[in-house]
Visitor: 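Just dropping this structure here.
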Amino acid sequence: MNKKSIKDIDVRGKRVFCRVDFNVPMENGNVTDDTRIRAALPTIEYLIGQGAKVILASHLGRPKGKVVEELRLTPVAKRLSELLSKNVAKSNEAYGDIAKSEVEKLGEGDILLLENVRFYPGEEKNDPELAKSFSELADVYVNDAFGAAHRAHASTEGIAKHLPAVAGLLMEKELDVLGKALSNPDRPFTAIIGGAKVKDKIGVIENLLDKVDNLIIGGGLGYTFVKAKGYEIGKSLLEADKIDLANSFMQKAEEKGVKFYLPVDVVVADDFSNDANIKEVAIDSIPADWEALDIGPKTRETYADVIKSSKLVIWNGPMGVFELEKFANGTKRVAEALAEAGDTYSVIGGGDSAAAVEKFHLADKMSHISTGGGASLEFMEGKQLPGVVALNDK
Ligand SMILES: Nc1ncnc2c1ncn2[C@@H]1O[C@H](COP(=O)(O)OP(=O)(O)OP(=O)(O)O)[C@@H](O)[C@H]1O
Ligand SMILES: O=C(O)[C@H](O)COP(=O)(O)O
């Protein structure tokens with residue numbers, strides 16, 4: 001990495017504004033998956049160890065510049081405090097006099113979590129005034145929010161103009177692992193792309209088609225490809241305006257000698273729920289009133305075989321509606337195959353794929369689980385991430 005990290009500067013006794021990505025799933029005021037919080041612990045613990053005054057900032061959800069009670073970071077402060085076995089103060093503001101007075105109370109090694117930065121309209125607009133106000137809380141800026149590094153926002157980009165700005169340890173690790181995988185991949189190199197929408201994955205599919213040996217498609221976005229091949233897909237997800245694009249991807253894959261894998265069978269349902277009637281059908285037999293919500297058993301085994309014969313696999317996006325047990329088998333099988341594949345380096349990029357791997361208790365079997373969904377996607381598209389560009393060069 002050509003950017004400075006916290007190890008390159010002296011943070012002892014300093015007020016450190018550390019942007020983290022604590023955009024975690026919550027239910028009834030409790031954090032339901034703390035992966036992203038745990039991923040930030042090395043940086044936070046390092047800062048504590050250095051005697052810094054640690055000011056943490058994050059977004060949660062998309063409150064669109066307004067205070068949304070359910071999107072306060074209070075439950076995150078509680079969870080972080082449990083993980084660190086240490087008090088984590090929580091502010092109801094993210095800048096201004098109240099936040100300043102709370103920062104003033106910090107001793108060396110203390111931690112304050114600011115309120116959700118997206119409660120302020122200036123955050124997503126990258127308002128220079130707001131960025132300046134954030135910077136007034138601190139002496140140093142650390143960006144450890146790889147998951148939000150693709151956003152040019154006040155707390156991820158603008159603030160870096162006002163303070164010495166360096167990467168945290170998580171940011172550094174993510175950039176090193178993903179960068180190495182894409183610039184010099186071990187082969188066979190396989191990408192598995194799933195999730196809901198083709199439109200979200202256009203860039204990554206385009207870029208990866210130039211790099212991979214195998215491209216596996218699953219999830220809701222797969223049905224636009226299935227339709228493009230001429231099959232009826234019933235009520236499955238379809239982006240009709242992306243059919244031509246899907247065709248052009250399949251053509252490009254053929255030209256480049258990339259093996260392109262689509263489901264050959266699927267699990268269809270008569271309702272989008274765990275109570276639905278379901279059946280497994282071949283890809284050419286999706287009933288008109290039914291919806292494909294997972295890949296079928298033959299597809300699962302083919303995908304597992306491709307995974308196991310690969311040296312490097314990048315996975316972004318679930319194979320089905322894994323949140324519902326009836327449609328989790330495809331995603332689970334992919335995760336298991338990655339876990340079983342001994343000498344395959346597995347990179348899980350994507351909030352949902354990471355959540356799935358956690359859910360199946362296979363996280364410790366993966367080589368690297370990226371904390372970035374959109375960020376890892378953009379990285380895989382070959383784009384520059386504004387939150388990284390803004391940091392000080394080495
Ligand atoms: N066949 C399907 N039909 C409808 N929805 C599906 C289907 N397969 C997967 N999904 C849904 O797609 C969602 C994930 O899509 P998304 O594109 O956000 O994935 P992702 O890239 O992993 O997300 P993130 O950006 O958070 O990492 C899941 O909630 C899942 O239920
Ligand atoms: O969950 C993510 O991918 C990051 O936290 C960024 O969130 P956003 O897509 O709402 O900017």
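First listed ligand is number 1; within each ligand, the first listed atom is number 1. Residues: numbered from 1 along the sequence shown.
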Visitor: Partners of Asp271 by side chain to side chain donor-acceptor pair (under 3.5 Å), sequence neighbours excluded?
Guide: Ser273
Visitor: May I ask you to list the atoms of ligand 1 that are less than 4.0 angstrom from any heavy atom of Gly373?
Guide: 27 (O)
Visitor: With a sphere of 6.0 Å drawn around NZ of Lys180, does it hold more than 12 non-hydrogen atoms of other residues, nucleotides or ligands?
Guide: no
Visitor: May I ask you to decide whether Glu115 forms a salt bridge with Arg72, counting only side-chain N to carboxylate O separations under 4.0 Å?
Guide: yes
Visitor: Quick check on Gly147 - does any of its heavy atoms sit under 4.0 Å from an atom of ligand 2?
Guide: yes
Visitor: Please say yes or no: joined through hydrophobic side-chain contacts below 4.5 Å, possibly via intermediate residues, are Ile295 and Ile193 part of one cluster?
Guide: no
Visitor: Please say whether Ala292 places an N or O atom under 3.5 Å from an N or O atom belonging to ligand 1.
Guide: yes
Visitor: Quick check on contacts: which atoms of ligand 2 are under 4.0 angstrom from a heavy atom of Asp21?
Guide: 4 (C), 5 (O)
Visitor: Starting from atom 7 (C) of ligand 1, which protein heavy atom do you reach first, and at what distance in Å?
Guide: Gly220 N, 3.2 Å
Visitor: Which of these, Leu114, Val140, Val54, Leu56, sits in a side-chain contact (heavy atoms from CB on, under 4.5 Å) with Phe17?
Guide: Leu114
Visitor: How close does the nearest protein non-hydrogen atom get to atom 28 (C) of ligand 1, and which residue and atom is it?
Guide: Glu323 OE2, 3.2 Å
Visitor: Salt-bridged, Lys252 to Asp210, with N to O below 4.0 Å?
Guide: yes
Visitor: Under 4.0 Å from any heavy atom of Gly219, which atoms of ligand 1 are there?
Guide: 1 (N), 8 (N)
Visitor: Would you mind checking if Arg36 and Asp21 are paired as a salt bridge, meaning a charged N to carboxylate O distance below 4.0 Å?
Guide: yes
Visitor: Is any NZ, NE, NH1 or NH2 atom of the basic residue among Lys197 and Glu239 found under 4.0 Å from an Asp or Glu carboxylate oxygen of the other?
Guide: no
Visitor: Which protein heavy atom lies closest to atom 2 (C) of ligand 2, and at what distance to 0.1 Å?
Guide: Arg36 NH2, 3.3 Å
Visitor: Checking Asn116 side chain against Leu71 main chain: does a donor-acceptor pair fall under 3.5 Å?
Guide: yes
Visitor: Hey, does the Lys NZ or Arg CZ of Lys279 hover above the aromatic six-ring of Trp290, less than 6.0 Å from the centre and inside 45° of the axis?
Guide: yes
Visitor: Specify side chain, backbone, both or neither for Asn316, according to which of its non-hydrogen atoms lie closer than 4.0 Å to ligand 1.
Guide: side chain
Visitor: Quick check on contacts: which atoms of ligand 2 are under 4.0 angstrom from a heavy atom of Arg62?
Guide: 8 (P), 9 (O), 10 (O)
Visitor: What atoms of ligand 1 come within less than 4.0 Å of a heavy atom belonging to Tyr223?
Guide: 1 (N)
Visitor: Determine, for Glu136 against Lys132, whether the closest basic-nitrogen to carboxylate-oxygen distance falls under 4.0 angstrom.
Guide: yes
Visitor: Report the nearest protein non-hydrogen atom to atom 7 (O) of ligand 2: residue, atom name, distance rounded to 0.1 Å.
Guide: His59 NE2, 3.3 Å
Visitor: Report the nearest protein non-hydrogen atom to atom 6 (C) of ligand 1: residue, atom name, distance rounded to 0.1 Å.
Guide: Val321 CG2, 3.5 Å
Visitor: What's the shortest distance from atom 3 (N) of ligand 1 to any protein heavy atom, and which residue and atom give it?
Guide: Leu293 CD2, 3.6 Å
Visitor: Applying a 4.0 Å heavy-atom criterion (strictly less than), which segment of Glu124 is in contact with ligand 2: side chain, backbone, both, or neither?
Guide: neither
Visitor: Taking heavy atoms and a distance under 4.0 Å, where does His153 meet ligand 2: side chain, backbone, both or neither?
Guide: neither
Visitor: Can you list the ligand 2 atoms lying under 4.0 Å from a non-hydrogen atom of Asn23?
Guide: 1 (O), 2 (C), 4 (C), 5 (O), 7 (O)
Visitor: Salt bridge check, Glu206 against Lys211: does any charged N sit closer than 4.0 Å to a carboxylate O?
Guide: no
Visitor: Starting from atom 15 (O) of ligand 1, find the nearest protein heavy-atom neighbour and note its residue, name and distance.
Guide: Ala196 N, 3.0 Å
Visitor: Does Arg38 come within less than 4.0 Å of Glu358, counting only side-chain N to carboxylate O?
Guide: yes
Visitor: Heavy-atom contacts under 4.0 Å between Asp352 and ligand 1: side chain, backbone, both, or neither?
Guide: both
Visitor: With a cut-off of 4.0 Å, which atoms of ligand 1 are near a heavy atom of Lys201?
Guide: 17 (O), 19 (O), 20 (P), 21 (O)
Visitor: For ligand 2, which atoms, with element, lie under 4.0 Å from some heavy atom of Arg151?
Guide: 8 (P), 9 (O), 11 (O)
Visitor: Output yes when a side-chain donor or acceptor of Asp8 lies under 3.5 Å from a complementary backbone atom of Ser5, and no otherwise.
Guide: yes
Visitor: Do His150 and ligand 2 have an N or O pair less than 3.5 Å apart?
Guide: no
Visitor: How far is atom 27 (O) of ligand 1 from its nearest protein heavy atom, and which residue and atom is that?
Guide: Gly351 N, 2.6 Å
